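Predicted model, so just to flag it, every value in this text is computed and none were measured. In what follows, chains carry the letters A, B, and so on, assigned in the order in which the sequence lines appear, proteins first and then strands, with residues in each chain numbered from 1.
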Amino acid sequence: MLRFVMVMCCVLRAISAQGLDDAAFARDLAAIVPHDGELDWRAIPWQSQLRTALVEASRVRKPVLLWAMNGHPLCQT
Amino acid sequence: MQELLSSFVAVADEVGRLQRGKDAECRTFQAFCESGHYGGRTEPTDTRQGIYVVTPTGKFLASINTHSATKVAEMLRSSLARWSELPERDRTLGEQEAEDLQASKRFEDRYPSDGLVLVEYMRDLGRPADDKDWRTRAWNTDQVWFTAAEAASLVPAQREVGAKIAVPARLVERLARFHLIDSVRGQTPPMSREAVIEASLQSEVTGVSGDDVLLQFAGRTRTEVESRPVENAEAGTKGRGVATELRGRARWNAKTSRFDAFELLAMGTRWGATQYNERQRDLGPTAIGYAFVLAAPDHPRVAPSCWWDYDLR
């Protein structure tokens, strides 16, 4: 994901929109998007819906590990 | 831990819908969560959030709600021991059960594959981080969905440099009410329509090259609402709000009718507190920043946090 964001930043820098301070924009963007160390939990191949995980687990004969939170853990908690 | 996790199908999901829904997926959760760590609990809340291990048929194996990796690992190992003792029939779903699960209704079924999906990130700005206080390092994320028709409405019909349009008000209000809220440290309720003081966004063509239409965005939002007193809050908290300046850039492909690049920033101030956003002692106003970037193809397809108020058209 982070790599994708960085590539998109390069693409958009190339666009060089008139009236937009590219350096300031890139700096502000980088101050908000998470950096590598903040996304380690994504190394686990989380599925995002219980229904599909149960069906997949049945197919591969494994138990389901469910992380259930108020607010979707892969989105906003 | 990674090796241990390979013995499971790992899934993350939102517990509120699973607790209250009526379909097969929710009924499965409701059947096993009462066997877990919060089974039967009603105070201080009736939440059943936590970490569970179950069979594909929904048979409970183990659960816990903790930040301790050691305790989670212990729970996972104990669940595997129980799993190994189960007969084969408990390890697989019947054909009808699988069909019923797949037929469960979710907002994710409306994922706008042909539209625009942005990943949102938010965090406090201009404040020093303290290693001993997670709140100073907090950030949160969400997704913003636009249908194909809504995405197209962000682009001036006139494809020439200098052409401008005001982005439809209901789309800017979607940002202001559901996404430009203070959830940096924890979820906060969306803003009502009445709370929107200002929500404007202008889209301007800055370049045209073949099928590519380059755009820049500029705008402002302000939402403000009187709110109920929050427990443990400092004196003087009577309301909450967020005010931002928006700026961004994007590239629209006129041939595919899709954005292939999109970045939008909203920077400004937030104030006030809500029950779960950990601002009781940080009423502000303080600086806050939001970034919206194009979702990568492999980004999890998860409903926006305020999906129940979404009005996709």
Part of [X] lying under 4.5 Å from any heavy atom of chain A:
| X | result |
| --- | --- |
| B/Met122 | both |
| B/Phe32 | side chain |
| B/Leu86 | neither |
| B/Tyr290 | backbone |
| B/Ser7 | backbone |
| B/Ala218 | neither |
| B/Arg301 | backbone |
| B/Leu61 | side chain |

Looking at [options], which one has more heavy-atom pairs under 4.5 Å with chain B than the rest?
| options | value |
| --- | --- |
| A/Gln47, A/Glu56, A/Arg59, A/Arg51 | A/Arg51 |
| A/Thr52, A/Leu50, A/Val55, A/Val60 | A/Leu50 |
| A/Ala31, A/Ser58, A/Pro45 | A/Ser58 |

Is A/Glu38 salt-bridged to B/Arg123, going by a charged N under 4.0 Å from an acidic O?
yes
Interface residue of largest heavy-atom contact number with chain A, from B/Ser104, B/Gly16, B/Ala62, under 4.5 Å:
B/Ser104
Would you please name every residue forming a salt bridge (charged side-chain N to carboxylate O under 4.0 Å, His left out) with B/Asp142, sequence neighbours left out?
none
Can a donor-acceptor pair be found, under 3.5 Å and without considering hydrogens, that links the side chain of A/Lys62 to the backbone of B/Ser6?
yes
Taking the side chain as every heavy atom from C-beta outward, state whether [X] and [Y] have any pair of such atoms under 4.5 Å apart.
| X | Y | result |
| --- | --- | --- |
| B/Glu14 | A/Met69 | no |
| A/Leu66 | B/Val53 | no |
| B/Leu125 | A/Ile32 | yes |
| B/Ser305 | A/His72 | no |
| A/Pro63 | B/Thr55 | no |
| A/Pro34 | B/Tyr121 | yes |
| A/Phe25 | B/Glu263 | yes |

My understanding is that only one of B/Val11, B/Ile51, B/Val72 makes a side chain to side chain contact (heavy atoms under 4.5 Å, CB included) with A/Leu65; could you say which?
B/Ile51
Verdict with supporting geometry, B/Glu88 and A/Arg61, side-chain contact (heavy atoms from CB on, under 4.5 Å)
CA-CA 9 Å; B/Glu88 180 66 15; A/Arg61 303 290 201 274; 2.7 Å; yes
Between CH2 of A/Trp67 and CG of B/Asn65, what distance do you get to the nearest 0.5 Å?
11.0 Å
I would like to know whether B/Thr141 and A/Leu74 meet side-chain contact (heavy atoms from CB on, under 4.5 Å); could you show each step before the answer?
CA-CA 8 Å; B/Thr141 184; A/Leu74 303 183; over 6 Å; no
